[in-house]
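Only heavy atoms go into these numbers, but all of them, side chains included; no hydrogens, no water, no symmetry mates. In the text below, chain A, chain B and the rest are named by the order of the sequence lines, each starting its count at 1.
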Number of protein chains: 2
Amino acid sequence: MKLTDQKRMQILDAAEELFHSSGVEHTSMDQLALQAKVSKRTVYNHFATKDALFQAILQRMFDKLAQGGEVKFDAAVPIDQQLRRIAQDEVALLSSAAFLRVAKIAIMQVMQRPELAQLMSDSSLGCKRYIDKFLVDACTAGVLKITDIPFAGKQFIYQLKSFVFYPSLFGLEQQTPAQQAHIINEAIALFLARYQAK
Amino acid sequence: MKLTDQKRMQILDAAEELFHSSGVEHTSMDQLALQAKVSKRTVYNHFATKDALFQAILQRMFDKLAQGGEVKFDAAVPIDQQLRRIAQDEVALLSSAAFLRVAKIAIMQVMQRPELAQLMSDSSLGCKRYIDKFLVDACTAGVLKITDIPFAGKQFIYQLKSFVFYPSLFGLEQQTPAQQAHIINEAIALFLARYQAK
DNA sequence: GCACAAGTAAACTGGTTAGTGCAGTTTTTT
DNA sequence: AAAAAACTGCACTAACCAGTTTACTTGTGC
């Protein structure tokens with residue numbers, strides 16, 4: 001690998017680490033250069049400003065997370081099993097270190113500079129990408145009975161987010177895999193109690 | 001009112017305003033004194049350090065919010081009506097400007113300095129104070145059937161928080177009263193579908 | 001009305017930080 | 001091997017900011 005790409009990666013890695021642990025504001029470019037084992041001047045040769053570096057970090061982290069499988073509705077499989085697949089994928093994402101990092105950095109910035117807010121709502125990660133389609137298909141097949149599908153989808157996702165994502169984000173607690181399984185089971189039970197076609 | 005109390009209030013009001021709109025870090029003590037129409041020295045006569053001022057702000061805001069009625073279970077009233085009362089109170093709190101302010105300021109600080117995390121989990125506001133007791137009573141009366149009561153209480157509150165609180169916190173959208181009513185109705189429908197005793 | 005508590009403006013201290021300029025070294029390309 | 005591109009270390013600027021000092025004025029209680 002070329003030296004210059006190597007250095008660029010060192011800078012991005014260091015920035016990801018420091019922005020996450022200390023916050024963007026509290027990370028000085030001198031610290032950053034030190035951690036990246038690169039001269040400060042080199043940092044500025046790659047990124048014109050601190051803000052440009054910040055943008056590049058967000059972009060790189062989003063790209064890392066953008067991949068991820070889609071669960072397609074299959075009438076031959078019990079609905080609770082399919083929902084469990086979706087929920088398990090989502091919980092794995094929401095509790096992954098990579099996702100928590102980008103979320104923390106992004107949310108801190110958004111709260112400080114509200115003009116960046118749509119940055120967050122625009123970005124579609126995880127099951128948010130396909131859950132509406134899944135629910136439509138399940139309704140069409142007569143397995144579920146939902147009047148407001150986007151709303152019901154949010155209800156399902158928000159269950160997972162509330163129990164798994166926000167507590168981790170605010171540094172309150174992490175869940176054990178057993179707790180995660182319980183959260184998933186209860187979210188599905190709640191959802192099916194309301195929306196399963198009888 | 002004595003001049004000194006007047007000045008103190010001006011300082012706290014200015015700090016609340018600026019800490020909210022610009023963040024604690026981005027608010028300088030010079031700006032703050034200007035906005036409060038008070039000399040900078042006077043700020044320091046009332047509050048030894050910026051951090052002391054920040055603590056005082058949080059305390060004042062919490063005190064403002066601490067009051068709020070408790071809904072007690074009443075076997076003579078339909079359960080959905082009672083849950084609606086609880087949800088309405090909670091949504092009113094979660095979407096109030098006062099609550100959003102203190103939450104935003106507190107959360108920004110917590111995310112920057114994770115050692116303050118228990119500050120948030122300790123503080124019990126809104127229906128979190130009494131919902132467990134309410135659910136226990138409802139189960140005892142045979143109206144609801146819940147195995148894990150604290151978990152179920154969280155499921156209910158989290159519905160409201162997810163739809164009302166977080167979107168406002170991140171500056172994404174505000175709900176109209178009609179939308180709020182819809183959110184409340186659906187949260188209750190979801191909850192009762194799962195937990196109402198048959 | 002006097003004494004003291006509180007407020008004021010402005011300059012200052014000491015520290016931090018984003019970003020630049022430069023002279024010299026190493027790596028890559030041709 | 002020579003030219004170009006990238007990296008390095010270090011000193012520098014210009015700005016910002018928490019908190020202090022000083023010399024002075026205004027409000028309050030007795």
Side-chain angles (χ1 to χ4, degrees), chain A residues 1-60 105-106 108-113 115-116, chain B residues 1-60 105-106 108-113 115-116:
Chain A
M1 180 188 280
K2 270 186 276 194
L3 183 71
T4 178
D5 297 334
Q6 173 69 32
K7 296 286 174 183
R8 189 186 182 87
M9 238 184 53
Q10 287 174 30
I11 294 167
L12 287 169
D13 288 345
E16 188 175 318
E17 167 71 28
L18 290 177
F19 284 177
H20 174 256
S21 65
S22 315
V24 179
E25 307 292 324
H26 283 81
T27 301
S28 78
M29 298 298 265
D30 289 282
Q31 255 177 62
L32 202 153
L34 193 70
Q35 165 107 7
K37 289 177 184 160
V38 142
S39 88
K40 184 172 162 183
R41 208 60 187 76
T42 296
V43 176
Y44 279 101
N45 284 341
H46 282 277
F47 305 99
T49 65
K50 194 181 184 179
D51 204 70
L53 174 55
F54 168 68
Q55 307 274 356
I57 282 290
L58 275 197
Q59 193 56 57
R60 189 178 75 148
I105 295 174
M108 277 172 59
Q109 284 296 303
V110 164
M111 288 179 76
Q112 261 165 22
R113 294 163 49 185
E115 71 273 14
L116 305 177
Chain B
M1 181 189 279
K2 272 187 277 192
L3 183 70
T4 179
D5 296 335
Q6 173 68 32
K7 295 288 173 182
R8 189 188 182 85
M9 239 184 54
Q10 287 176 29
I11 294 167
L12 288 169
D13 288 344
E16 189 174 319
E17 166 71 27
L18 289 177
F19 284 177
H20 175 255
S21 66
S22 314
V24 179
E25 306 292 326
H26 282 82
T27 300
S28 78
M29 296 300 263
D30 290 280
Q31 258 177 61
L32 202 153
L34 194 70
Q35 164 108 7
K37 290 177 184 158
V38 141
S39 87
K40 185 173 164 183
R41 204 57 188 81
T42 297
V43 176
Y44 278 101
N45 284 341
H46 282 277
F47 305 97
T49 65
K50 194 182 186 179
D51 204 69
L53 174 55
F54 169 69
Q55 305 274 358
I57 282 290
L58 274 197
Q59 192 56 57
R60 190 179 74 148
I105 295 176
M108 279 170 59
Q109 284 296 302
V110 165
M111 289 179 74
Q112 262 165 22
R113 295 161 49 183
E115 69 273 14
L116 304 177

Q: Test A:Val24 against every option in A:Ile105, A:Leu53, A:Ile57, A:Asp51 by the side-chain contact (heavy atoms from CB on, under 4.5 Å) rule and name the one that passes.
A: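 With A:Val24 as partner, A:Ile105, A:Leu53, A:Ile57, A:Asp51 yield a single side-chain contact (heavy atoms from CB on, under 4.5 Å), made by A:Ile105.
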Q: Could I get a table of every N or O pair under 3.5 Å where one atom is in the protein and the other is in nucleotides 27-30 of chain C?
A:
from	atom 1	to	atom 2	distance (Å)
C:dT28	OP1	A:Leu3	N	3.3

Q: Between A:Leu32 and A:Ala14, which heavy-atom pair has the shortest distance, and what is it?
A: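 The pair with the smallest heavy-atom distance is O-CB, 4.0 Å.
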Q: For B:Ile11 and C:dG7, what is the distance between atoms CD1 and C1' respectively, to the nearest whole Å?
A: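 It works out to 10 Å between those atoms.
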Q: Check whether any side-chain N or O of A:Lys37 sits under 4.0 Å from OP1 or OP2 of D:dC7, and answer yes or no.
A: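 Checking A:Lys37 against D:dC7: no side-chain N or O falls below 4.0 Å of OP1 or OP2.
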Q: Drop me the distance from A:Met108's CE to A:Phe19's CZ, to the nearest 0.5 angstrom.
A: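 Here the rounded value is 10.5 Å.
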Q: At what distance, to the nearest 0.5 angstrom, does CG of B:Leu18 lie from CG of B:Asp13?
A: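 Between B:Leu18 CG and B:Asp13 CG, I get 11.0 Å after rounding to 0.5 Å.
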Q: Rounded to whole angstrom units, what separation is found between the CG atom of A:Asp30 and the C1' atom of C:dG19?
A: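 Distance, rounded to whole Å: 10 Å.
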Q: For DNA chain C, which residues of residues 38-54 of chain A approach it to below 4.0 angstrom with any heavy atom?
A: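 Nucleic-acid contacts, sorted: A:Lys40, A:Arg41, A:Tyr44, A:Thr49, A:Lys50.
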Q: Roughly how far, to the nearest 0.5 Å, is CG of A:Leu34 from OG of A:Ser28?
A: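 Going from OG on A:Ser28 over to CG on A:Leu34, the span is 9.0 Å.
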Q: I need the CG-P distance between A:Leu18 and C:dA18, as an integer number of Å.
A: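 It works out to 12 Å between those atoms.
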Q: What is the distance from CG of B:Asp5 to P of D:dT28, rounded to the nearest Å?
A: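 Taking atom P of D:dT28 as the reference, CG of B:Asp5 is at 10 Å.
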Q: When the side chains of residues 3-11 of chain B are checked against the rest of the protein, which donor-acceptor pairs come out under 3.5 Å, sequence neighbours left out?
A:
none

Q: Let me confirm one number: the CD-CD distance from A:Glu25 to A:Gln109, rounded to the nearest 0.5 Å.
A: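 Here the rounded value is 6.0 Å.
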Q: Given atom CE of B:Met29 and atom P of C:dA11, what is their separation to the nearest angstrom?
A: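 Answer to the nearest Å: 20 Å.
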Q: To the nearest Å, give me how far apart CG (B:Leu34) and C1' (C:dT8) are.
A: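 Atom CG in B:Leu34 sits about 14 Å away from atom C1' in C:dT8.
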Q: Testing the basics here: between A:Ala56 and A:Phe47, what is the closest heavy-atom pair and its distance to 0.1 Å?
A: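 Between these two residues, the closest heavy atoms are CB-CE2, 3.7 Å.
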Q: NE2 of B:His26 versus P of C:dT17: gap in Å, rounded?
A: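 One finds 13 Å between P of C:dT17 and NE2 of B:His26, rounded.
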Q: Is there a side-chain contact between B:Met29 and B:Tyr44, using heavy atoms and a 4.5 Å cut-off?
A: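 Result yes, sub-4.5 Å side-chain heavy-atom pair found.
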Q: In whole angstrom, what separates B:Gln31's CD from D:dG19's P?
A: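 After rounding, the gap between these two atoms is 15 Å.
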